[in-house]
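Scroll down for the structure; my scribbles are underneath it.
It should be emphasised that the depicted structure is a prediction, and the values quoted were computed from it without experimental measurement.
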Amino acid sequence: MTYHPKSDFMGVMMARGFLADCTDYQALDEALNKGVVPAYIGFDATARSLHVGSLIQIMMLRWLQKTGHKPITLMGGGTTKVGDPSFRADERPLLTPAAIDDNIAGIKRVFASYVTYGDGPTDALMINNAEWLDDLNYLDFLRDIGRHFSVNRMLSFESVKSRLDREQSLSFLEFNYMILQAYDFLELNRRYGCLLQMGGSDQWGNIVNGIDLTRRVLDHEIYGLTSPLLTTSDGKKMGKSLSGAVWLNGDMLSPYEFWQFWRNTTDADTGRFLKLYTELPVDECDRLGALEGQEINEAKIILANEVTALLHGRAAADAAAATAREVFEKGGIGDDLPGIDITPAEIGEGISVVQLFTRAGLVKSGKEAKRLIAEQGARLNDAPLTDPGRMITAADLAEPIKLSAGKKRHAMIRLAS
């Protein structure tokens, strides 16, 4: 695409790799250049924390505010009761209202690290779509909103089409989700003057629906912008690690483990991730991403430090880096190293080292632990572990022991008192 943006926000989106598509580049760019543009991204409350897969959207909201515009974080207190079917193979489990409220409370804590909330013209707003969805009158909604939607067109959207092509069930409840999301955009425009919805490229159909609905009902011109769906250079979905989801809440994933996730970025992804997830200048990101050999590891440490500092604060990032140095360079234990506590009752006469590797989240299964040992990738207190039948007793745990899977993943095993 050869469009040259006039607004700072569009310039950042394009230069740093955030932009996949836009409904009208020029008109949106002109609106951004003219004054403060309120823009939103929706987040469904399906867990107590968002994970790294949502961080690209959070960074978009941060850049929006930094370039003089107004971010709206829309919590899906209403839509979470339905579930977004986009590109899923099955229906989401339904949550109770109390569970949804708990999840929203957990998610809110993350946003405060990235955007500033308040009453000023560019201060962020936190809004819950239950505000207008919970009390909808079904017949009025069908008459006033439902009539603007063509089922033929809804069936043509890729998120729905892919489910139907695989002959997987799509409930009427889920089919309604795209109407509710479109209605969100309409209400945000009507109540808060919101002009832009952003999201991952899998949300394109839902975003376009909202734009069409708002044009039909209010005759207002609004816009949509999507980011690429990120995969790592080896084709894996962004936000997953060997031990599960990379959560953003510190009580669900420690700052050290979060830091470690970024330190383990592959060489090929380092420059791209620096541009997306840090605020270092683009030229510096390109320079760091082009390093090779041992030097690229320094770039990864910079990436881990900067991303962790944005979420958890500079002190937590520095502490994580110090722990990593202690563990990797000095062979030490490191106070912040993740670990588990084992009770004497659990140990009994002894507990297998294979079971401990699995319990510590270093591997997903006993079979994987045995393979790791066979391939000489497992260490116990920094010494090679060669016997998959090794048993650990309570006496062995008089002092904490360190398990290592490869050179980068470690965990402490402690005896619970």
Side-chain angles (χ1 to χ4, degrees), residues 40-62 64-65 71-86 88 91-118 123-134 177 180-181 184 188 198-200 202-203 227 230 237-241 243-262 277 304 307-317 319-320 336 338-341 361:
Y40 93 97
I41 299 177
F43 299 88
D44 275 346
T46 51
R48 280 195 303 113
S49 170
L50 299 173
H51 62 67
V52 161
S54 297
L55 196 51
I56 186 169
Q57 268 79 50
I58 297 172
M59 287 300 292
M60 289 166 80
L61 291 170
R62 180 175 173 84
L64 184 88
Q65 189 169 52
I72 297 173
T73 47
L74 181 70
M75 302 310 301
T79 39
T80 302
K81 294 169 185 172
V82 176
D84 182 0
S86 295
R88 286 181 61 85
E91 188 169 344
R92 287 190 188 276
L94 297 181
L95 301 176
T96 65
I100 291 169
D101 287 344
D102 285 347
N103 288 347
I104 289 174
I107 290 169
K108 278 182 177 179
R109 297 204 303 270
V110 166
F111 287 109
S113 298
Y114 293 92
V115 296
T116 303
Y117 290 93
D123 285 342
L125 296 176
M126 172 78 75
I127 297 166
N128 187 336
N129 66 9
E131 185 182 313
W132 50 83
L133 293 181
D134 274 5
Y177 185 92
L180 296 178
Q181 187 170 326
D184 282 347
L188 285 169
M198 302 186 290
D202 60 336
Q203 296 298 313
S227 61
L230 273 194
K237 190 175 180 181
M238 184 65 182
K240 299 287 183 184
S241 72
S243 54
V246 181
W247 300 108
L248 299 182
N249 283 27
D251 60 342
M252 292 177 68
L253 187 80
S254 73
Y256 173 80
E257 290 171 291
F258 183 77
W259 187 96
Q260 210 42 74
F261 170 79
W262 296 98
Y277 298 112
V307 181
T308 305
L310 276 176
L311 176 60
H312 294 296
R314 183 61 66 182
D336 294 338
I340 56 168
D341 295 324

Rounded to the nearest 0.5 Å, what separation is found between the [atom1] atom of [X] and the [atom2] atom of [Y]?
X: I72; Y: M126; atom1: CD1; atom2: CE; result: 12.0 Å
X: F111; Y: M75; atom1: CZ; atom2: CE; result: 5.5 Å
X: I107; Y: L50; atom1: CD1; atom2: CG; result: 4.5 Å
X: I58; Y: F43; atom1: CD1; atom2: CZ; result: 5.0 Å

Partners passing side chain to side chain contact (heavy atoms under 4.5 Å, CB included) against [X] (at least two apart in sequence or in another chain):
X: S49; value: W247, L248, N249, M252
X: A99; value: L95, T96
X: N129; value: L74, T79, W132, L133, D184
X: R314; value: N305, E306, A309, D318

Could you pull out the closest heavy-atom pair between [X] and [Y], with the gap in Å?
X: S113; Y: R62; result: O-NH1, 3.8 Å
X: R48; Y: D251; result: NH1-OD2, 3.5 Å
X: A45; Y: I104; result: CB-CG1, 3.6 Å
X: A130; Y: G77; result: CB-C, 4.1 Å

Does [X] have any side-chain hydrogen bond (donor to acceptor under 3.5 Å, both in side chains) partners at least two apart in sequence or in another chain, and if so, which?
X: T73; value: Y117
X: D341; value: R414
X: Q57; value: S227
X: S54; value: none

Item to complete: Determine whether T46 and N103 make a side-chain contact, defined as any pair of heavy atoms from C-beta on separated by less than 4.5 Å.
Response: no
Practice prompt. Taking the side chain as every heavy atom from C-beta outward, state whether L61 and M198 have any atom pair closer than 4.5 Å.
Written response: yes
Fill in: Step-by-step side chain to side chain contact (heavy atoms under 4.5 Å, CB included) determination, V307 to F258
CA-CA 9 Å; V307 181; F258 183 77; 3.8 Å; yes
Response to the item:
Taken in chain and number order and not counting sequence neighbours, the residues that satisfy salt bridge (Lys or Arg N to Asp or Glu O under 4.0 Å) with D134 are K81
Response to the item:
With sequence neighbours left out, the residues meeting salt bridge (Lys or Arg N to Asp or Glu O under 4.0 Å) with D101 are none
Item to complete: Before giving the answer on side chain to side chain contact (heavy atoms under 4.5 Å, CB included), spell out for Y114 and L311 the whole-Å C-alpha distance, their side-chain angles and the decisive distance to 0.1 Å.
Response: CA-CA 7 Å; Y114 293 92; L311 176 60; 3.2 Å; yes
Fill in: Sequence-distant partners of Y277, ring pair (Phe, Tyr, Trp, His ring centres under 6.0 Å), two or more places apart
W262, F273
